[in-house]
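Small disclaimer: the values here were computed from a predicted structure and weren't measured.
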Amino acid sequence: MSVDTRNQHTDPAAPGSSSAGGPSVTPSDTISGKLVGSIVATAILSFLGLLLETVVNILFPALMADFGITMSAVSWMTTGYLLVVSVIMPLSGYLQRRFTARSLFVTAAIAVMAGALVAAMAPVYPVLLAGRLLQGIGTGIATPLMFSIIMMQAPRAKVGMLMGVGGLILGIAPALGPTLGGAIGTLAGWRLIFWLNIPLLVIALVVGARSIQQATPTRKEHLAVGQLVLLALGLVGLVLGIERIGAMVSSGTPGAAAMAVAIATPIVGLVCLALFVRAAGRSDHPLIHLNVLRDGTYAWSLVAFAFLQFITLGLGYVLPTYAQMSMGHSSLVAGLAVLPAAVIGAVFAPLGGVILDHVGARVPIMTGAVVALVSAVLLAVLGVRVNLVLLAVMYLVFMLGFGLAFANTQTHGMAHVPQHLTPDATAMMNTCQQFAGALSMTVLSTIVAVRQSGLTSGTAAFQHGTRSGSAGGLAVLAAVAVVGLVAEHMGLKKRD
């Protein structure tokens with residue numbers, strides 16, 4: 001099936017129509033300089049968020065040593081950030097209808113910059129975490145804004161390519177993150193990475209303020225605060241519940257109170273999510289218009305998109321951790337080992353978009369999904385039995401498949417959403433993506449932490465525990481890849 005990048009429904013305020021408050025976009029294939037500037041500026045904010053995810057992951061051992069904290073505690077640098085992003089992103093539909101794109105961008109840039117300053121000067125771990133969470137607010141605004149700008153303002157024939165370029169920009173972050181983190185951890189100190197954010201953020205702020213245009217008029221709209229609270233409690237409850245269960249298991253002899261909290265927290269999360277779905281379905285002003293899920297192509301693409309994020313974030317955590325804590329390599333060597341794979345994933349994102357624009361969605365998506373599955377299975381079977389070079393090669397193959405499938409899965413799903421629901425569909429895509437990342441980090445760090453429990457860092461027993469936990473994590477990721485391939489197939493089935 002060849003994807004149709006034209007939305008099936010039109011909206012009177014959509015690009016291509018002349019409506020007050022927004023420019024009239026002509027049906028040409030020309031990409032304007034302002035559109036390029038808008039994409040670059042918003043992408044820088046998202047780039048920095050993802051860059052720091054992978055930088056922080058590889059610096060976990062250094063942070064644990066500096067602040068005297070456990071693996072479960074330090075993993076909240078990534079998990080907590082992703083949770084904040086996943087809570088903010090559902091607001092993006094409301095925010096993009098209520099406020100101008102430029103004002104949203106400026107707010108996001110200020111939040112990311114403030115978070116970087118707080119983290120860089122943090123005297124204790126809670127302050128460092130607070131700075132990272134503040135950055136999550138900015139990233140949660142900026143990432144869906146970037147994709148909405150592409151979907152609503154790009155020439156129709158260039159949507160696939162530009163979505164791929166967005167994927168490339170974001171893909172460069174995990175490519176640079178482990179190596180940059182390893183170099184900083186070895187030569188300087190982790191605080192430097194936050195100081196290095198500032199010049200890039202200043203550039204983004206200037207470019208975005210000059211380039212970002214308003215495609216549709218803003219309007220006053222009701223904010224469903226109750227629905228937002230339910231959604232936030234649901235997402236946090238599920239992730240925190242899994243982390244608490246892991247902490248309970250690793251403690252060996254949990255008390256009755258700890259056991260009750262560990263069991264009750266995910267249940268409360270599920271109940272809150274169910275209440276959110278019920279409230280949103282009945283509301284005249286839903287936080288997210290859930291009727292975007294009525295289209296099977298979009299719904300299955302959403303599942304596949306989230307599962308791909310689960311796998312890639314999981315591998316980005318497991319492989320550097322295993323290389324350092326079990327194989328005994330430095331953070332720099334571990335970072336260099338995963339660099340080629342991340343570069344390949346970034347390069348293949350726009351290439352996959354070009355293929356989609358020319359031959360449709362099925363070829364790049366299914367090719368990428370199959371390659372990702374095969375490599376994930378190989379990593380699960382052989383990952384802890386081979387040397388670092390072979391491990392890096394298998395990871396490179398996975399990222400090749402990921403690069404072909406990931407951005408195209410989003411593009412294919414979004415192409416079947418009515419124009420006026422684009423902000424809602426984008427918000428849901430990015431919320432599920434970030435939540436899947438948070439869930440992946442929690443599940444995998446819990447598996448590793450359980451196997452490390454009670455063991456002294458640096459000992460042979462600790463290395464063996466890390467190896468065992470990493471093997472378990474890789475097996476989970478292979479199972480998720482199987483389900484992801486099925487979801488991709490369902491999303492590509494011929495529509496009725």
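Residues satisfying the side-chain contact (heavy atoms from CB on, under 4.5 Å) test with Val482, not counting sequence neighbours, are Leu373. Here Thr265 pairs with Leu240, Val261 under the side-chain contact (heavy atoms from CB on, under 4.5 Å) rule; sequence neighbours left out. Legend: residues meeting side chain to side chain donor-acceptor pair (under 3.5 Å) with Gln227, ordered by chain and number and at least two apart, are Ser283. Annotation: ring-ring contact (aromatic ring centres under 6.0 Å, His included) contacts of Phe305 (sequence neighbours excluded): Phe406. Listed by chain and residue number, nothing satisfies the side-chain contact (heavy atoms from CB on, under 4.5 Å) test with Ala479 (two or more places apart in sequence, or in another chain). By the side chain to side chain donor-acceptor pair (under 3.5 Å) test, Gln135 pairs with Arg132, Asn197, sequence neighbours left out. With sequence neighbours excluded, the residues that form a side chain to side chain donor-acceptor pair (under 3.5 Å) with His289 are Asp424. Considering only residues two or more places apart in sequence or on other chains, Tyr322 meets the side chain to side chain donor-acceptor pair (under 3.5 Å) condition with none of them. Residues that satisfy the side-chain contact (heavy atoms from CB on, under 4.5 Å) test with Phe307, not counting sequence neighbours, are Val303, Val480, Val483.
Side-chain contact between Tyr81 and Thr139 is present, with at least one heavy-atom pair separated by less than 4.5 Å. Using a 4.5 Å heavy-atom threshold, the side chains of Val292 and Leu302 count as separate. In this structure, Leu196 and Leu200 have side chains that are not in contact, with every pair of non-hydrogen atoms separated by 4.5 Å or more. Under the 4.5 Å side-chain criterion, counting only non-hydrogen atoms from C-beta, Val397 is not in contact with Val374. The shortest distance between side-chain heavy atoms of Asn408 and His412 does not fall below 4.5 Å. The shortest side-chain heavy-atom distance between Leu379 and Leu315 falls under the 4.5 Å cut-off. With contacts defined as side-chain heavy-atom distances shorter than 4.5 Å, the pair Met325/Val448 does not qualify. Put simply, the side chain of Val84 reaches to within 4.5 Å of the side chain of Ile137, judged on heavy atoms.
Atom CG of residue Leu390 and atom CG of residue Leu396 lie 12.5 Å apart, to the nearest 0.5 angstrom. Distance check, rounded to the nearest 0.5 Å: CG of Leu290 to CZ of Arg278 gives 14.0 Å. Atom CZ of Phe105 is separated from atom CG of Leu145 by 8.5 Å, given to the nearest 0.5 angstrom. Separation of atoms NE2 (His464) and CZ (Arg451) is listed at 6.5 Å; rounding is to 0.5 Å. One finds the CD1 atom of Ile311 at 9.0 Å from the CZ atom of Phe402 (value rounded to the nearest 0.5 Å). Put simply, CD1 on Ile288 and CE on Met428 are 4.5 Å apart, with the number rounded to the nearest 0.5 Å.
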Full working for side chain to side chain contact (heavy atoms under 4.5 Å, CB included) between Leu45 and Leu201
CA-CA 7 Å; Leu45 301 189; Leu201 289 168; 3.4 Å; yes
**Asked** Taking it one step at a time, do Leu231 and Leu235 satisfy side chain to side chain contact (heavy atoms under 4.5 Å, CB included)?
**Response** CA-CA 6 Å; Leu231 181 59; Leu235 297 178; 4.2 Å; yes
Open item on the list: I'd like to know whether Leu492 forms a side chain to side chain contact (heavy atoms under 4.5 Å, CB included) with Trp300, so could you lay out the CA-CA distance, the side-chain angles of the two residues, the decisive distance to 0.1 Å, and finally the verdict.
Closed with: CA-CA 9 Å; Leu492 288 162; Trp300 282 111; over 6 Å; no
- [ ] Determine, step by step, whether Leu128 and Leu63 satisfy the side chain to side chain contact (heavy atoms under 4.5 Å, CB included) criterion, reporting the C-alpha distance in whole Å, the side-chain angles of both residues, the deciding distance to 0.1 Å, and the verdict.
- [x] CA-CA 10 Å; Leu128 171 64; Leu63 292 172; 4.0 Å; yes
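A donor-acceptor pair is defined here as one N or O able to donate and one able to accept, closer than 3.5 Å; no such pair exists between the side chain of Ser440 and the backbone of Ala436. Side chain of Thr297 to backbone of Gly413: no donor-acceptor contact under 3.5 angstrom is found. Listed for the Tyr298 side chain is a donor-acceptor partner under 3.5 Å among the backbone atoms of Ala425. Between the Thr312 side chain and the Gln309 main chain, no donor and acceptor come within less than 3.5 Å of each other. Using a distance-only test at 3.5 Å, with no hydrogens or angles considered, a donor-acceptor pair links the side chain of Ser375 to the main chain of Ala372.
What you find for Met146 and Ala43 is that their closest heavy atoms are SD-CB, 3.4 Å. Across Ala341 and Met399, no two heavy atoms sit closer than the pair O-CB, 3.1 Å. Of all heavy-atom pairs between Val87 and Ala232, the closest is CG1-CB, 3.8 Å. Shown here for Arg467 and Ser326, the closest heavy-atom pair between the two residues is CB-OG, 3.5 Å. Across all non-hydrogen atoms, the minimal contact from Pro266 to Gly241 is CD-CA, 3.6 Å. Nearest heavy-atom pair, Leu444 versus Gly314, reported as atom, atom and distance to 0.1 Å: CD1-CA, 3.1 Å.
Applying the side-chain hydrogen bond (donor to acceptor under 3.5 Å, both in side chains) rule to pairs touching residues 472-488 yields Thr409-Glu488, sequence neighbours excluded.
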Tell me which donor-acceptor pairs under 3.5 Å the side chains of residues 470-478 have, and how far apart each pair is, sequence neighbours excluded?
residue: Ser470; atom: OG; partner: Thr466; partner atom: O; Å: 2.8

